[in-house]
Structure formats: C-alpha cells, structure tokens
Amino acid sequence: MKHSIEVVGIQCYSFHGCMPEEKKTGGKYLVDVIAHFNFDTAADLDDLKQTIDYCVIYNIVQEEMAIPTKLIETVAKKIAIKCKNYYPSIKKIEVKVKKLSPPINGLVDYVAVKYVLE
C-alpha cells in the first residue's frame, strides 16, 4: 500500500508494567500509529469523511493507554485492533509503543514494541 497516515509521538502518562512501582507511579510513553489505506477518494473529493481522522486515532490511543496492562505488547495490539475496527478501510496498521525511562539497571532512552496488523 503506497498511502499512509501517520500520527507520531502521541504522549501518554500510563501505568503499564509488571513491577509494583510501575503500577503505582506510572511513566511516560510515546505512541506512533501508521495506518496504510487508499485515500485517493478523500484526496480527490477533499473530504474528511473519506479518510482517517487523526483526532480519532489520537483518542483511541489515549483510551487504550489509560487501561493498565502488564505488557506494552498487549496495549499495542489493542490499539491496532481498535483502530482497524473503527476504520475497516485500513489495509495495514503499525503501532509502536515506546516506554520512556524503563526500569532497567542501566541508561536507556526507551524500550519499544511494534505491532503490525494486516
């Protein structure tokens, strides 16, 4: 698919993790969503109803990130499925969840998972 819409760097403060302190204090996350679909009709008609609304994607991410999970793998999959269900025109969706400053014995900017649904 040659067309895509990207909503990148969605900032969230969430309570994901397996460690008790992660569930209590939470942490910062960044989420990227890339939705592949044909938006020729939307472009030709200049019509928002024919495309994917960035605000809807943002809201789906915020809703799912607000539900605590043990694994960021789980939340990435849930975001992808919910977006695809909301917009059946999506042919492929990629969701990357970045956990900033993860609890690792060392200096790491972030850990990330990427879930791809076709």
Side-chain angles (χ1 to χ4, degrees):
M1 178 64 44
K2 61 185 175 179
H3 305 25
S4 66
I5 283 184
E6 300 182 18
V7 186
V8 178
I10 300 170
Q11 298 179 28
C12 307
Y13 196 90
S14 302
F15 296 85
H16 304 298
C18 295
M19 297 182 174
E21 63 268 15
E22 293 175 295
K23 294 178 185 194
K24 185 177 179 182
T25 61
K28 294 180 183 179
Y29 295 79
L30 293 176
V31 179
D32 303 335
V33 177
I34 302 172
H36 301 267
F37 71 107
N38 187 336
F39 59 71
D40 280 330
T41 301
D44 292 342
L45 299 175
D46 197 26
D47 184 2
L48 177 61
K49 292 178 184 173
Q50 301 297 320
T51 191
I52 293 173
D53 187 334
Y54 315 135
C55 295
V56 171
I57 299 298
Y58 176 87
N59 289 334
I60 288 171
V61 168
Q62 291 294 340
E63 288 169 10
E64 291 301 319
M65 289 297 289
I67 302 167
T69 62
K70 291 179 186 172
L71 304 176
I72 56 175
E73 290 88 334
T74 303
V75 74
K77 181 177 181 179
K78 286 180 166 187
I79 291 167
I81 291 169
K82 194 166 186 179
C83 289
K84 181 97 168 72
N85 287 340
Y86 195 92
Y87 288 110
S89 61
I90 293 174
K91 302 297 181 202
K92 175 182 172 185
I93 188 162
E94 302 172 46
V95 177
K96 181 183 276 186
V97 177
K98 299 175 187 175
K99 184 176 198 169
L100 307 180
S101 303
I104 294 177
N105 291 333
L107 297 176
V108 178
D109 287 339
Y110 64 87
V111 294
V113 297
K114 182 176 177 182
Y115 186 84
V116 179
L117 178 63
E118 295 187 58

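Values in this document were obtained by computation on a predicted structure and should not be read as measured data.
Residue Lys23 qualifies as enclosed at atom NZ: its count of foreign heavy atoms under 6.0 Å is above 12. Other residues, nucleotides and ligands contribute only 12 or fewer heavy atoms inside 6.0 Å of the NZ atom of Lys78. More than 12 heavy-atom neighbours from other residues, nucleotides or ligands sit within 6.0 angstrom of NZ on Lys84. Counted within 6.0 Å of CG on Asp46, heavy atoms from surrounding residues, nucleotides or ligands total 12 or fewer; the atom is thus considered open.
Nearest heavy-atom pair, Ile10 versus Val7, reported as atom, atom and distance to 0.1 Å: CD1-CG1, 3.5 Å. Contact detail for Val111 and Pro102: the closest heavy-atom pair is CG1-CG, 3.7 Å. His16 and Ile67 get closest at one heavy-atom pair: CE1-O, 3.1 Å. When all heavy atoms are compared, the tightest approach of Cys12 to Val31 is SG-CG2, 4.4 Å. Across every non-hydrogen atom of Ala76 and Val113, the tightest pair is CB-CG2, 4.0 Å.
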Run the side-chain contact (heavy atoms from CB on, under 4.5 Å) test on Val97 and Met65 for me, step by step, so that the C-alpha distance in whole Å, both residues' side-chain angles and the decisive distance to 0.1 Å come before the verdict. CA-CA 10 Å; Val97 177; Met65 289 297 289; 4.3 Å; yes
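Hydrophobic cluster membership is shared by Tyr86 and Ile90, with clusters built from Ile, Leu, Val, Met, Phe, Trp and Tyr side chains linked at under 4.5 angstrom. There is no path of hydrophobic side-chain contacts, each under 4.5 Å, that joins Leu30 to Ile34. In the hydrophobic cluster analysis, where Ile, Leu, Val, Met, Phe, Trp and Tyr join through side-chain heavy atoms closer than 4.5 angstrom, Tyr87 is grouped together with Val33. Two different hydrophobic clusters hold Ile72 and Phe15 under the rule that ILVMFWY side chains link at heavy-atom gaps under 4.5 Å.
The closest donor-acceptor contact from the side chain of His3 to the backbone of Phe37 lies at 3.5 Å or more, if one exists at all. At least one donor-acceptor pair closer than 3.5 Å links the side chain of Asp32 to the backbone N or O of Gly9.
One distance of note links NZ of Lys2 with CG of Asn38; it measures 7.0 Å at 0.5 Å rounding. In this structure, CG in Leu45 is found 13.5 Å from CZ in Phe39, a value given to the nearest 0.5 Å.
Note on residues 99-118: pairs passing side chain to side chain donor-acceptor pair (under 3.5 Å), not counting sequence neighbours, are Glu22-Lys99, Glu94-Lys114.
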Pair up each side-chain donor or acceptor in residues 50-60 with any protein partner under 3.5 Å, not counting sequence neighbours, and list the distances.
unit_1, atom_1, unit_2, atom_2, d
Asp53, OD1, Cys55, N, 2.8
Tyr58, OH, Gln62, NE2, 3.2
Asn59, ND2, Cys55, O, 3.2

